[in-house]
Amino acid sequence: MSWIEADSGAAVTLSVNGTRHDLKLDARVTLLDALREHLQLTGTKKGCDHGQCGACTVLVDGRRINSCLSLAVMHQADEITTIEGLGTAHKLHPLQAAFVAKDGFQCGYCTSGQICSAIGMLGEWRKGWPSHLGDHAGAASAIDAAEIRERMSGNLCRCAAYPRIVEAIEHYAIHEGADT
Amino acid sequence: MMDASVKMDAPFEHSLLDESPMPTIGREIARIDGPRKVSGAARYAAEHFPEEVLHGVLLRAPVGCGRISLVDATAALAMPGVLAVIRDERMIRNAGDFGGDAAPVQGVEEVAYFGQPIGLVVADSLERARAASLCVRVSFESQPGVFDMMAARDSALPPTDDIFGLFLIHTEQGDVERAAGEAQALVDTVWETPSQNHAAMEPHASVAIWKEGRLTLHGSYQSPVVTRDQLATVMGLPPSQIRVLSPFVGGGFGGKLGVMPEAVAAAIAAQQLGRPVKVVMTRQQVFETTGRRPMTRQRIRLGANSDGRLTLVQHETITDQLEGEVFFEPAGLATHLLYAGENRVVDHKVVRTNKQLAVSMRAPGEAVGLLTLECAMDELAEALSLDPIELRLRNEPKSHPEMDMPFSSRALVDCLRQGAARFGWERRNTSPGQMRDGDWLVGHGVAAAARGNLFGPSRVRATIQGDGRVVVETEMTDIGTGTYTILAQIAADLLGVPLKQVEVRLGDTDDPRSAGSGGSWGATTSGSALYAACAELRARLAAAAGACVDAVTLTDGILTAPGISRPITELVGNGLSVEGATEPGESNRRFNQTSYGAHFCEVRVNAVTGEVRVSRWTSVFAAGRILNLQTAISQAIGGVVFGIGGALTEELVHDPRTGKIVNRDLGEYHVPAHADIPAIDIQFLEERDLVANPLHAKGVGELGVCGAGAAIANAVYNATGVRVRQFPITLDKLLPGLPAIAE
């Protein structure tokens, strides 16, 4: 019976926001559930558990991933950054501050994923990764709203703060993002 | 208990909000809960970890209609960590909805719709509970059900309940048949709108904790007190024995109004097992096991004289709902009052189907009703060779066209005119299918927005502490609407303290009972109750200072009056606490209260593929005083985007053999994504509604969705010459009618 084999806990060491955590986890535990249920880092949200909404986006070695689509045991050697690792309510990361200033959220549930995704997305832009828009690929210039919309489309927001999320990311990319 | 109350029996002439020396109300104020939300510090329902917490996974019916004949949990119970497979007659079959403390339909032996809850598997981890839930064997006796509303529409009957008089089932006046015969322009069309899902980003979740006989439930609920009362009825407990906490709610849109199956299951499991239990719905369960906006079939018939004056307004809706449930989609709500015309019929009927519960979803009634009315107005304008704005202007009623009552405030004409100027309506395409930009057909559309403004009982406690800080407490919620910030602004302005010195505590049923978040009335009801509390606090401060309250100014923590200047900390002793309340009065019966707006959009339709892109948008609204321009614009944008989704992509597809929702996730049910949404230009007109409440404000949250989809549908027609009457307007419906590719 496969679930009984999976059930015997595996030793896992996760490095999250610079802190090492030694855990014993059921092999079926996703990175998302490890963060939320085992480390109680609940800033990372579960919206669909199927990689369809982006609410669970975290940075793994600087790349954005849907943490619901990844098992915790796959991340032994990785450096994981969650929303809690970017800034705190009292000392916001400039992108978090831009989200507050531009009202880039309403209910707040997709927000952590939007912010982590935007950080990863801007890294991809700087590396010259192409998007569906194609002709904009090339990172020398500042990112524009159309590219942000295209590249952020894996992060759903039912409150539909989209135009203001784009404004917040654009503001950050222009004013703060050069050295991050 | 209650210290101050506002009852709206007459216009409230002078609002203290107009007298604040340094007002925050009306400005763009960043959300005070923002830093917690953007840093991940705000805790939502599932994010509580009581000791020894267990995890529950709902079991659900894989048939659309029938009866459970056998449940074999042997294999599941033998799995590691599994504590129980719970099947309890108290469990609810249908989700709850707004509507008092009655229990939702209970009993999980009968199956009334596909995906209905039938039990709960509980284990010591989510993974173990989930695996075990797949190993419970359930046998059913299937029974024939009604799964196809359109096929069964001849069985439609009038609804059994008019929902406190808010949903008018049937109204008529004049002679519509004669008017149809005499009309010089007539539009008579049938429209279909599909079932939709609220799709709030946070799935429904509950953590139930019993301690010393009292149940605490962390839940994701728009109205914690309605949830508490329904849960109390379900559990057979006095409401005082339950506390529901919802300080942060990850979106609602009507989908989290009443108690939901996961809360009941968690409460029962925690009671039975003596340990806290967490039940989080999967996204698929949210789609199948909560509520939906029901589908509609709407016939609309408009008739006019040759001068464009409406003589006939007829709107007949058929919608679907489970047997025995009272809610129905009141698609004719705005049709009663939007335009003049002496001969009128507005009618609603319901087909009883074996499909998931139909509930309110953002602007129940107007959201789907204005799709048809405002598209029909567009068609009528074309039949009359009139500008669609001009047609609306010619049919602006002076008072409610069906009832002998004035409008409390109504700025539809201004919204249309100012929106037209802002959008550049005079430069629109006037020949359907004739404006091209390469492969793209370009079109422009307009539609009116209207949403009824409600008022109800709400309570708020306001306290000035000995240190001069202010605490506002109410069971009211902030589901993304801005409640935390708006209440802080009202308290800051009325008590003359800096915004940073106000703390707002929400979503706790142990605090004064509010009207909850729903029907766009949260800000105005809780804000008015807070207004009453603050007015009383001002009177008490004035008395303590020996001043006349009318001569008092409060700024920066200082009370000043002729010859008096005292810090409020000197006047409150150890603290001063007042409970304020609202109650509806004569004004709700004597005036029609409605928020209005006008949408303008440009769409581009690919001439080869039929793909529709929204490329430009302007909406102008008038909703009384705007309390916080920043959060109001965000809500307006959100409403418009809800309308874009409804017009172009959102459709729950039911399997006609079982009622099963085929596209039960966010990969297949398409809510708009970043790339679908252009910049959205929003303007609010200056308006004060003295009839509505002491704030002079009307509801904002649902207004944006009203009519938005019709503006798109009209623009798509304008771009292509193809009129699609089955929403959503997907490319397969456009392709057959698109103009020839070659120019």
Side-chain angles (χ1 to χ4, degrees), chain A residues 3-4 6-7 26 28-29 33 36-37 40-53 55 82-84 86-90 92-93 96-97 99-101 103-112 115 145 148-150 152-166, chain B residues 28 30-31 33-44 46-47 49 79-81 125-128 130-131 198-203 248-253 280 282-283 479-482 630-631 633-635 637-642 665-667 671-680:
Chain A
W3 62 80
I4 292 175
D7 192 78
D26 186 318
R28 296 166 296 190
V29 173
D33 286 327
R36 282 173 66 83
E37 299 295 329
Q40 298 183 13
L41 289 169
T42 54
T44 307
K45 304 303 185 192
K46 183 185 282 189
C48 72
D49 221 14
H50 278 55
Q52 297 170 336
C53 78
T82 70
I83 191 73
E84 291 94 343
L86 293 179
T88 66
H90 299 290
L92 296 176
H93 181 280
Q96 291 171 323
F99 267 66
V100 174
D103 214 32
F105 59 94
Q106 292 180 45
C107 80
Y109 199 78
C110 75
T111 312
S112 303
I115 291 171
I148 293 172
R149 282 187 203 114
E150 175 59 33
M152 289 296 294
S153 281
N155 290 85
L156 300 178
C157 172
R158 184 55 156 167
C159 300
Y162 295 129
R164 295 178 149 195
I165 293 171
V166 172
Chain B
E28 295 194 61
R31 288 169 203 264
D33 53 329
R36 279 178 287 172
K37 284 182 172 172
V38 300
S39 64
R43 290 236 162 177
Y44 295 75
E47 298 164 359
F49 304 93
M79 291 168 70
S125 79
L126 171 63
E127 292 73 23
R128 287 171 159 181
R130 189 174 57 204
H198 310 77
M201 294 305 298
E202 181 200 17
F248 290 99
V249 180
F253 315 112
V280 183
T282 64
R283 178 55 62 183
I479 60 173
T481 40
Q630 176 140 304
T631 55
I633 289 175
S634 284
Q635 285 210 83
I637 291 172
V640 167
V641 175
F642 234 77
D665 62 38
L666 293 168
V671 304
H674 270 287
D676 298 320
I677 304 304
I680 306 275

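The basis for the numbers below is simple: all heavy atoms, side chains too, and nothing from hydrogens, waters or symmetry mates. Reminder, nothing fancy here: chain letters follow the sequence lines and each chain counts from 1.
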Asks: Heavy-atom cut-off 4.5 Å, strictly under: side chain, backbone, both or neither for A199(B) against chain A?
Replies: both
Asks: Of the options K46(A), Q40(A), K45(A), which is the one that meets E47(B) in a side-chain hydrogen bond (donor to acceptor under 3.5 Å, both in side chains)?
Replies: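 It is K45(A), the one option of K46(A), Q40(A), K45(A) that forms the side-chain hydrogen bond (donor to acceptor under 3.5 Å, both in side chains) with E47(B).
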Asks: Between chain B and each of V29(A), T111(A), D33(A), I115(A), count heavy-atom pairs under 4.5 Å; write down the option with the most.
Replies: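 Winner by heavy-atom pair count: V29(A).
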Asks: Taking D103(A), T44(A), V100(A), L41(A) one by one, which has the highest count of heavy-atom pairs under 4.5 Å against chain B?
Replies: D103(A)
Asks: Can you sort out the partners of D676(B) under salt bridge (charged side-chain N to carboxylate O under 4.0 Å, His left out), two or more places apart, ordered by chain and number?
Replies: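 D676(B): salt bridge (charged side-chain N to carboxylate O under 4.0 Å, His left out) contacts with R613(B).
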Asks: Tell me, side chain or backbone of T631(B) under 4.5 Å from chain A's heavy atoms, or both, or neither?
Replies: both
Asks: Report yes if the side chains of R158(A) and H198(B) come closer than 4.5 Å at any heavy-atom pair, otherwise no.
Replies: no
Asks: Sort A161(A) into side chain, backbone, both or neither according to what part of it lies under 4.5 angstrom from a heavy atom of chain B.
Replies: neither
Asks: Start with the C-alpha gap between F253(B) and C159(A), add the side-chain angles, then the distance that decides, and say whether side-chain contact (heavy atoms from CB on, under 4.5 Å) holds.
Replies: CA-CA 9 Å; F253(B) 315 112; C159(A) 300; 4.0 Å; yes
Asks: What part of I479(B) lies closer than 4.5 angstrom to a heavy atom of chain A: side chain, backbone, both or neither?
Replies: backbone
Asks: Could you walk me through whether K37(B) and Y109(A) pass the side-chain contact (heavy atoms from CB on, under 4.5 Å) check?
Replies: CA-CA 8 Å; K37(B) 284 182 172 172; Y109(A) 199 78; over 6 Å; no
Asks: Roughly how far, to the nearest 0.5 Å, is OG of S39(B) from CD of Q96(A)?
Replies: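 Separation between the atoms: 6.0 Å.
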Asks: What are the two closest heavy atoms between D26(A) and E127(B), and how far apart are they?
Replies: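 Smallest interatomic distance, heavy atoms only, reads OD2-CB, 3.6 Å.
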Asks: Please flag which part of S634(B) lies under 4.5 Å from any non-hydrogen atom of chain A: side chain, backbone, both or neither.
Replies: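 Both backbone and side chain.
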